[in-house]
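Note that the numbering runs from 1 along the sequence shown for the chain.
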Amino acid sequence: MSAPPLPSRAGGSGPSSAASAVARPAAGAPPRASVLPLVVGGAAVVASIVLAIIVATSASATVVMLGLPLPLVAADHWSLSLLGYLLTPVAVIACYGWDAVGQRRGRARNRNFVLRPGYSRALTGAAGLGVLLGAWHVLNLSVPLSELLGWS
């Protein structure tokens, strides 16, 4: 003898209606952390390095600071160093925050959200490099600012 069919919520009976009452996982891959903050932060570091090279090779004048000759930006090209400073560390640290908030919100919205801690580690390293590049750009900005303020 076979077991009697299970009743379904719709009132029908049969094995197919019992199987439909079982929860199935959602189709498709679970959501994952966006790579966009990493790409934008990496592009900001690369652009800042390019700006630092341009300033050091073509838009600079030798300035002696603490007994060391440094190729610092000429007074009429200060905007290159300002742009470099805005790219790193400001933009890179903002990308790190964007990544951290995005991953936390993703995990809060969906427990199956795939975190990417490697993105955060890469942005932390990029932020460290960005601070070093930012120091170079700030040093370059100090010369035109000191000339503007009459301190040199």
Taking the hydrophobic residues Ile, Leu, Val, Met, Phe, Trp and Tyr, and joining any pair whose side-chain heavy atoms are under 4.5 Å apart, which ones share a cluster with Phe113?
-> Leu115
With a cut-off of 3.5 Å and sequence neighbours excluded, list every side-chain donor-acceptor pair involving residues 84-92.
residue: Thr88; atom: OG1; partner: Ser48; partner atom: OG; Å: 2.7
residue: Thr88; atom: OG1; partner: Gly84; partner atom: O; Å: 3.2

Apply side-chain contact (heavy atoms from CB on, under 4.5 Å) to [X] and list each qualifying residue two or more places apart in sequence or on a separate chain.
| X | result |
| --- | --- |
| Arg104 | Ala100 |
| Ser34 | Leu36, Pro37 |
| Val39 | Val35 |

Got more than 12 heavy atoms from elsewhere within 6.0 Å of CH2, Trp78?
-> no
Would you find a donor on one side and an acceptor on the other, under 3.5 Å apart, between the side chain of Asp99 and the backbone of Cys95?
-> no
Leu80 reachable from Leu83 in the ILVMFWY side-chain graph, under 4.5 Å edges | yes
Do Tyr96 and Val101 belong together in a cluster built from hydrophobic side chains that touch within less than 4.5 Å?
-> no
Anything under 3.5 Å between a donor and an acceptor, one on a side chain of residues 121-134, the other on a protein residue two or more places apart or in another chain? List them.
residue: Thr124; atom: OG1; partner: Ser120; partner atom: O; Å: 2.8

About how many Å separate CG of Leu145 and CG of Leu82, when rounded to the nearest 0.5 Å?
-> 9.0 Å
From Trp136 CH2 over to Leu51 CG, what is the distance, rounded to the nearest 0.5 angstrom?
-> 12.5 Å
Quick one: closest heavy-atom pair of Arg116 and Ala33, and the distance?
-> CG-CB, 3.6 Å
